[in-house]
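The structure under discussion appears below in the form of structure tokens.
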Amino acid sequence: MKERKSERVNERKRACVSYLLFRSFTLSLFITLSAFAQEREGVGPENRYYPVQDLRSEAQVYDESVKSYVPFIDELHEDVTAISVFVDLESNRHYKLLLSEGQNGYLFINAALKRKLVANRWLVLDIDSLYRVYRQPQLFLTLYGSPGLGSKQVLIGYPKSSAQKPVVLADDLLSVRPRQFSVYTNFFGLGLLFLLATH
């Protein structure tokens with residue numbers, strides 16, 4: 001008697017857990033689909049580029065105490081004026097590198113001064129051209145200018161086409177279609193026909 005009660009309790013617990021898992025899955029699916037249903041906003045000069053990757057999350061600063069580059073942390077490095085990132089050229093072919101600085105600053109590529117950055121003006125570099133010039137899979141970029149990371153922008157983007165319609169992701173990503181049935185319902189009969197034909 002006690003065993004039956006404990007089995008019923010266990011079955012109810014399993015049913016409750018499976019119901020909660022199903023509810024959490026459907027809720028997360030709904031949230032994901034609603035996030036994708038929004039129109040993608042542009043970045044860069046005049047918002048003419050689709051964002052591919054924001055490299056600010058991979059920012060590094062040089063730490064004198066360890067004589068090496070360490071990840072950028074807001075609380076520790078808010079007054080640092082030089083921020084560095086690695087740009088993977090091979091994985092980002094056909095994209096553009098979009099750079100912006102809040103104050104007048106400088107752009108260093110592989111520790112060599114390459115260009116002066118004008119405050120609040122976008123600099124667009126073609127990644128294919130950078131790959132042809134430097135012949136390296138990665139570049140080491142350093143932006144020198146305003147302190148911290150707040151006013152710096154280091155993005156990889158894809159240019160919007162003028163003939164292209166705006167990309168709107170609808171929430172009908174999962175479409176239900178009727179299943180198409182084959183003439184052969186099982187492969188055992190098909191295998192027998194094959195054996196009959198070959199022998």
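These values consider heavy atoms only, across backbone and side chains, with no hydrogens, waters or symmetry-generated copies.
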I'd like to know if [Y] and [X] are part of one continuous hydrophobic network [Ile/Leu/Val/Met/Phe/Trp/Tyr, side-chain heavy atoms within less than 4.5 Å].
| X | Y | value |
| --- | --- | --- |
| Val87 | Tyr134 | yes |
| Leu125 | Leu55 | yes |
| Trp122 | Leu117 | no |
| Val43 | Ile156 | no |
| Val80 | Tyr69 | no |

Gap separating the [atom1] atom of [X] from the [atom2] atom of [Y], nearest 0.5 angstrom:
| X | Y | atom1 | atom2 | answer |
| --- | --- | --- | --- | --- |
| Leu139 | Leu97 | CG | CG | 8.5 Å |
| Tyr144 | Leu107 | OH | CG | 14.0 Å |
| Leu98 | Asp54 | CG | CG | 10.5 Å |
| Leu149 | Glu78 | CG | CD | 12.0 Å |
| Leu143 | Ile83 | CG | CD1 | 8.0 Å |
| Ile127 | His94 | CD1 | NE2 | 10.5 Å |

Compare every heavy atom of [Y] with every heavy atom of [X], then report the nearest pair and how far apart it is.
| X | Y | answer |
| --- | --- | --- |
| Thr81 | Lys152 | O-NZ, 3.7 Å |
| Ala82 | Thr142 | CB-CG2, 4.1 Å |
| Phe72 | Val61 | CD1-CG1, 3.7 Å |
| Thr198 | Leu195 | OG1-O, 3.1 Å |

Under 3.5 Å, is there a donor-acceptor pair between the side chain of [X] and the main chain of [Y]?
| X | Y | value |
| --- | --- | --- |
| Glu101 | Ser146 | yes |
| Asn104 | Val118 | no |
| Lys160 | Asn47 | yes |
| His77 | Ile73 | yes |
| Ser91 | Asp88 | no |
| Lys67 | Asp63 | no |

- request: Evaluate the ring planes of Tyr158 and Tyr95, with Trp represented by its six-membered ring, and classify them as parallel (under 30°), tilted (30 to 60°) or perpendicular (over 60°).
  value: perpendicular
message: Measuring only between side-chain heavy atoms, which start at C-beta, is Lys96 closer than 4.5 Å to Asp126?
response: yes
- request: Indicate yes or no: at least one non-hydrogen side-chain atom of Val124 is less than 4.5 angstrom from one of Pro45.
  value: yes
task: Evaluate whether atom CZ of Phe194 has more than 12 neighbouring non-hydrogen atoms of other residues, nucleotides or ligands under 6.0 angstrom away.
output: no
message: Surrounding OH of Tyr106 (heavy atoms of other residues, nucleotides or ligands, distance under 6.0 Å), is the total greater than 12?
response: no
- request: Verify the ring-centre separation between Phe140 and Phe86: is it less than 6.0 angstrom?
  value: yes
- request: Carefully, step by step, assess Glu90 and Arg93 under the rule salt bridge (charged side-chain N to carboxylate O under 4.0 Å, His left out).
  value: CA-CA 6 Å; Glu90 282 185 335; Arg93 301 293 297 271; over 6 Å; no
message: Less than 3.5 Å apart, any donor N or O on the side chain of Asn120 or Gln103 sitting next to an acceptor on the other?
response: no
